[in-house]
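Model, not experiment: these values are computed from the prediction. The first residue of the sequence shown is numbered 1, and numbering continues consecutively from there.
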Amino acid sequence: MWNEGLSFSVVIVTCAIALISAAIAFGRREKALWIYAAGFSSMAASFAFFILQGKVTPWIGIILPNSLILIFHCCIAWGIRSFYGYPRQWPWRFWLYIFTYLASLLVFTFVHPSFAPRGIIVSAFIIVLTAEFLAVLVREISSMPGAIRYPVTFFLFPFIIFHAVRIALISLHIGDGDLFMSPGAVATFTLSCTMFFSVLWAGSLMILDSTRLVHAMEKKNSMLADLALKDGLTGLFNRHFLDHTIQVEMQRHDRYGEPLSLIMIDLDHFKRVNDLYGHDAGDAVLMESAKRIGGAIRQSDFLFRWGGEEFLVLAPHTDRDGAAALAAKLRERLVASPVPPVDTVTA
């Protein structure tokens with residue numbers, strides 16, 4: 001009765017996880033989340049059938065629940081491959097795992113009935129599929145923040161150790177019984193750890209999912225910030241960012257008396273470039289000019305696209321003579337070589 005109660009508890013926990021996963025998957029429309037939900041559903045069904053073990057035929061009490069356990073771990077390995085967009089999300093070797101597993105179960109259920117080899121086979125295949133999950137996670141670990149990278153990865157090792165210990169206990173004939181649900185230490189140990197690791201699996205998968213969402217949001221926020229502060233064509237700061245930057249630099253100038261200079265750069269005859277060569281050529285001239293100017297200023301200087309063919313350099317710690325020398329250097333850099341398909345660009 002004790003083990004049946006633990007098995008029923010596993011059913012309740014995994015049912016709750018399956019419902020939460022399905023609700024999130026329904027809202028997000030993501031394949032990986034549906035796969036996880038299916039996996040936890042199969043786990044719940046598995047332990048529900050284990051409760052019936054010894055009261056029904058071996059097909060329902062042994063083959064079916066053990067097969068559902070393998071489906072859970074296949075779904076976890078399949079889901080992580082789908083989560084990271086692998087082209088072959090269900091590789092052929094997964095079918096080999098399933099065929100070998102089922103064949104072994106049938107042999108040790110009907111030909112040579114014995115719980116010990118069945119228990120060892122189940123844990124061995126779980127270790128293999130957990131290694132499949134871990135292999136994907138290790139490849140993708142660089143995309144995770146450092147704060148969660150190692151906790152999420154290393155929780156898998158205690159899970160693998162748990163199944164290795166289970167194999168050792170079964171091999172040493174500790175808690176022998178004819179069936180998994182027979183009263184004994186191995187079944188109690190397995191059921192208790194299964195409940196713990198089911199929650200840990202669910203939490204880790206949710207952490208991976210939420211981390212990816214946060215990363216995507218940060219990336220979009222960065223893109224929006226760039227759109228707000230940078231020119232879309234040249235990648236230079238725009239006039240909105242200039243308004244903020246020049247106020248800060250003027251305050252520093254007023255407070256500490258540090259020199260501050262502005263250099264306005266206007267490309268010559270730019271309208272003629274557009275008229276003769278087309279707007280694509282004009283864009284190429286603007287991008288190349290921005291590159292040459294940006295390569296000639298200091299790291300402490302700011303380069304803005306003022307508008308059209310006009311650029312502006314804000315040069316802190318630079319007096320009028322220094323600004324004049326920098327302006328001459330910029331003009332020389334612009335005319336140093338032609339800009340295809342246009343000839344030399346002057347300013």
(message) A284: which residues meet the side chain to side chain contact (heavy atoms under 4.5 Å, CB included) condition with it, sequence neighbours left out?
(response) none
(message) The criterion is ring-ring contact (aromatic ring centres under 6.0 Å, His included); which residues satisfy it with F47, sequence neighbours excluded?
(response) F50
(request) Could you tell me whether the side chain of S289 reaches within less than 4.5 Å of the side chain of V285, counting heavy atoms only? (result) yes
(request) Applying side-chain contact (heavy atoms from CB on, under 4.5 Å), run through L19 and F40 and close with a yes or a no. (result) CA-CA 9 Å; L19 288 172; F40 282 107; over 6 Å; no
(message) For a quick test of reading the model, state the closest non-hydrogen atom pair linking G282 to V273 and the distance between them.
(response) CA-CG1, 4.1 Å
(message) Restricting to non-hydrogen atoms, name the atom on T14 and the atom on V10 that form the minimum distance, rounded to 0.1 Å.
(response) OG1-O, 2.6 Å
(request) Report the relative orientation of the aromatic rings in W59 and F110; use parallel for angles under 30°, tilted for 30 to 60°, perpendicular for over 60°. (result) tilted
(request) Check whether any side-chain heavy atom of T57 sits under 4.5 Å from a side-chain heavy atom of I62, and report yes or no. (result) no
(request) Any chance you could lay out the side chain to side chain donor-acceptor pair (under 3.5 Å) test for R298 and T318, step after step, and finish with the verdict? (result) CA-CA 11 Å; R298 303 168 301 179; T318 305; 2.5 Å; yes
Below 3.5 Å, can you tabulate the donor-acceptor pairs from side chains in residues 184-200 to any protein atom, sequence neighbours excluded?
| unit_1 | atom_1 | unit_2 | atom_2 | d |
| --- | --- | --- | --- | --- |
| T188 | OG1 | N3 | OD1 | 2.7 |
| T188 | OG1 | G184 | O | 3.0 |
| T190 | OG1 | R166 | NE | 2.8 |
| T190 | OG1 | V186 | O | 2.7 |
| S192 | OG | T188 | O | 2.9 |
| T194 | OG1 | T190 | O | 2.6 |
| S198 | OG | T194 | O | 2.7 |

(request) Start with the C-alpha distance between T346 and L267, add both sets of side-chain angles, then the distance that settles side-chain contact (heavy atoms from CB on, under 4.5 Å), and finish with yes or no. (result) CA-CA 6 Å; T346 60; L267 302 185; over 6 Å; no
(message) Once side chain to side chain contact (heavy atoms under 4.5 Å, CB included) is applied, do any residues pair with I160, and if so which ones, sequence neighbours excluded?
(response) I127, T130
(message) Among residues at least two apart in sequence or on other chains, which ones pass side chain to side chain contact (heavy atoms under 4.5 Å, CB included) with L262?
(response) I246, L312, L314
(message) Test: ring pair (Phe, Tyr, Trp, His ring centres under 6.0 Å). Region: residues 241-293. Which pairs qualify, not counting sequence neighbours?
(response) F237-F241
(message) The criterion is salt bridge (Lys or Arg N to Asp or Glu O under 4.0 Å); which residues satisfy it with D275, sequence neighbours excluded?
(response) K271
(request) Take S337 and R292, measure what side chain to side chain donor-acceptor pair (under 3.5 Å) needs, and give me the verdict at the end. (result) CA-CA 10 Å; S337 59; R292 294 184 185 187; 3.0 Å; yes
(request) Compare all side-chain heavy atoms of L33 with those of L205 and state whether any distance is below 4.5 angstrom. (result) no
(request) List in chain and number order the residues that pass side chain to side chain contact (heavy atoms under 4.5 Å, CB included) with V138, two or more places apart in sequence or in another chain; answer none if no residue qualifies. (result) L134
(message) Does any part of the side chain of K230, heavy atoms only, come nearer than 4.5 Å to the side chain of L236, both counted from C-beta?
(response) no
(request) May I ask you to say whether E249 pairs ionically with R252, meaning some side-chain N is under 4.0 Å from a carboxylate O? (result) yes
List, one per line, each side-chain donor-acceptor pair under 3.5 Å for residues 67-82, sequence neighbours excluded.
| unit_1 | atom_1 | unit_2 | atom_2 | d |
| --- | --- | --- | --- | --- |
| S67 | OG | I63 | O | 2.6 |
| R81 | NE | R88 | O | 3.1 |
| R81 | NE | Q89 | O | 3.4 |
| R81 | NH2 | R88 | O | 2.8 |

(request) Kindly give the heavy-atom pair with the smallest separation between L286 and F311, and that separation in Å. (result) O-CZ, 3.9 Å
(request) Apply salt bridge (Lys or Arg N to Asp or Glu O under 4.0 Å) to R28 and list each qualifying residue two or more places apart in sequence or on a separate chain. (result) E30, D209
(message) If you define the side chain from C-beta out and look only at heavy atoms, does anything of I293 sit under 4.5 Å from L334?
(response) yes
(message) What verdict does the side-chain contact (heavy atoms from CB on, under 4.5 Å) test give for F159 and W201, after you've listed the backbone C-alpha separation in whole Å, the side-chain angles of each residue and the deciding distance to 0.1 Å?
(response) CA-CA 10 Å; F159 182 70; W201 269 115; 3.6 Å; yes
(request) Determine, for R305 against E310, whether the closest basic-nitrogen to carboxylate-oxygen distance falls under 4.0 angstrom. (result) no
(message) Is the ring pair H112/F108 parallel, tilted or perpendicular, if the boundaries are 30 and 60 degrees?
(response) tilted
(request) Any chance you could lay out the side-chain contact (heavy atoms from CB on, under 4.5 Å) test for F83 and E140, step after step, and finish with the verdict? (result) CA-CA 11 Å; F83 182 76; E140 305 295 334; over 6 Å; no
(message) If you define the side chain from C-beta out and look only at heavy atoms, does anything of W34 sit under 4.5 Å from S21?
(response) no
(message) If the condition is side chain to side chain donor-acceptor pair (under 3.5 Å), which residues does R139 pass it with, not counting sequence neighbours?
(response) Y86
(request) Only counting residues at least two apart or in another chain, list the ones meeting salt bridge (Lys or Arg N to Asp or Glu O under 4.0 Å) with R239. (result) none
(message) Which heavy atom of D301 sits nearest to which heavy atom of P316, and what is that distance?
(response) OD1-CD, 3.7 Å
